[in-house]
Amino acid sequence: MKNSILFLILIGAILLGGCSLLSDLKKTASENMAIDKKLPKYELNKENFKEISYEGKTYIIQESEVDRDNLDEPIGKVSENITINENNEILSKKELGKIEVVPNKKDEKRTHLNFGWVYSIKGVSPDEEVAVVINNKFHLAKIK
């Protein structure tokens, strides 16, 4: 009898915890969507994927990453999803849809780039450096 009651209490706690987690996820998603609507759009240079620009300022995206703890607040968004080949050419949807039954002699390498929000960095002016989300990593971008 005691084991049954403990089992029911445990199941109830798990269900309540799960509902709370789903509620938190929904709240976070709603907050992020509201922020995203207000963020200004930074432009990706389609000729050089290492450059973004906003209001006449151009930033060069570095290989180095910024730790999440050093980020301040989102100040913009790039919002671009592209796939490029080894020659840094953007692949069209038609090209992405092709499946080679017999591959060419050399395999074509593809890189998917998912650009997201632009963040200010704690203690640094956005006129000097920002952080850009690329494939879920925060890359440093310095003013050109």
Side-chain angles (χ1 to χ4, degrees), residues 3 6-144:
N3 287 339
L6 287 174
F7 181 71
L8 289 175
I9 290 172
L10 179 63
I11 295 296
I14 290 172
L15 289 175
L16 286 175
C19 290
S20 174
L21 177 63
L22 287 176
S23 176
D24 289 347
L25 288 173
K26 182 178 177 184
K27 181 181 174 192
T28 300
S30 295
E31 289 170 357
N32 286 345
M33 287 175 17
I35 292 169
D36 190 70
K37 287 180 183 177
K38 296 177 184 176
L39 291 175
K41 182 147 169 69
Y42 282 59
E43 294 297 321
L44 175 66
N45 181 344
K46 300 283 177 93
E47 301 297 319
N48 179 358
F49 307 115
K50 297 282 186 184
E51 292 184 357
I52 58 170
S53 59
Y54 177 68
E55 291 187 336
K57 296 178 226 158
T58 300
Y59 298 86
I60 308 297
I61 301 169
Q62 312 294 306
E63 291 294 325
S64 59
E65 295 178 24
V66 178
D67 188 75
R68 178 178 287 240
D69 294 335
N70 292 331
L71 299 179
D72 200 4
E73 60 185 28
I75 57 171
K77 60 185 174 184
V78 179
S79 300
E80 293 279 350
N81 288 300
I82 58 173
T83 303
I84 58 175
N85 63 18
E86 67 267 11
N87 299 321
N88 285 334
E89 299 167 333
I90 297 175
L91 299 174
S92 69
K93 289 183 180 187
K94 183 178 178 182
E95 291 170 313
L96 289 172
K98 291 180 184 176
I99 299 174
E100 294 184 13
V101 178
V102 179
N104 293 336
K105 290 183 180 178
K106 71 174 198 174
D107 292 327
E108 181 178 54
K109 298 185 191 271
R110 296 178 178 188
T111 304
H112 182 72
L113 300 172
N114 182 14
F115 293 85
W117 286 2
V118 176
Y119 287 85
S120 59
I121 301 171
K122 291 179 183 174
V124 179
S125 169
D127 291 331
E128 297 174 21
E129 296 178 346
V130 294
V132 182
V133 178
I134 305 172
N135 296 344
N136 298 316
K137 294 180 182 178
F138 305 98
H139 286 270
L140 180 66
K142 294 183 178 189
I143 197 79
K144 187 174 184 179

Show me the donor-acceptor pairs within less than 3.5 Å that the side chains of residues 73-84 make with the rest of the protein, sequence neighbours left out.
| from | atom 1 | to | atom 2 | distance (Å) |
| --- | --- | --- | --- | --- |
| Lys77 | NZ | Asp36 | O | 2.8 |
| Thr83 | OG1 | His112 | ND1 | 3.1 |

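To the nearest 0.5 angstrom, Trp117 atom CH2 is 11.5 Å from Leu71 atom CG. In this structure, Ser53 OG and Ile60 CD1 are separated by 10.0 Å, a value rounded to the nearest 0.5 Å. Atom CD1 of residue Ile134 and atom CG of residue Asn114 lie 9.5 Å apart, to the nearest 0.5 angstrom. Rounding to the nearest 0.5 Å places CG of Asn88 at 8.5 Å from CG of Asn48.
The environment of Glu47 atom CD is sparse: at most 12 non-hydrogen atoms of other residues, nucleotides or ligands sit within 6.0 angstrom.
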Apply side chain to side chain contact (heavy atoms under 4.5 Å, CB included) to residues Val133 and Tyr119 and explain how you reach the verdict. CA-CA 8 Å; Val133 178; Tyr119 287 85; 3.8 Å; yes

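The list of side chain to side chain donor-acceptor pair (under 3.5 Å) pairs with a residue in residues 127-144, not counting sequence neighbours, reads Glu51-Lys144, Lys57-Asp127. Residue pairs meeting the side chain to side chain donor-acceptor pair (under 3.5 Å) criterion with at least one partner in residues 59-72, sequence neighbours excluded, are Lys50-Glu63.
Closest heavy-atom contact between Glu95 and Ile90: OE1-O, 4.0 Å.
Counting heavy atoms from C-beta on, the side chains of Phe115 and Ile61 come closer than 4.5 Å.
No donor-acceptor pair under 3.5 Å is formed between the side chain of Asn87 and the backbone N or O of Glu89.
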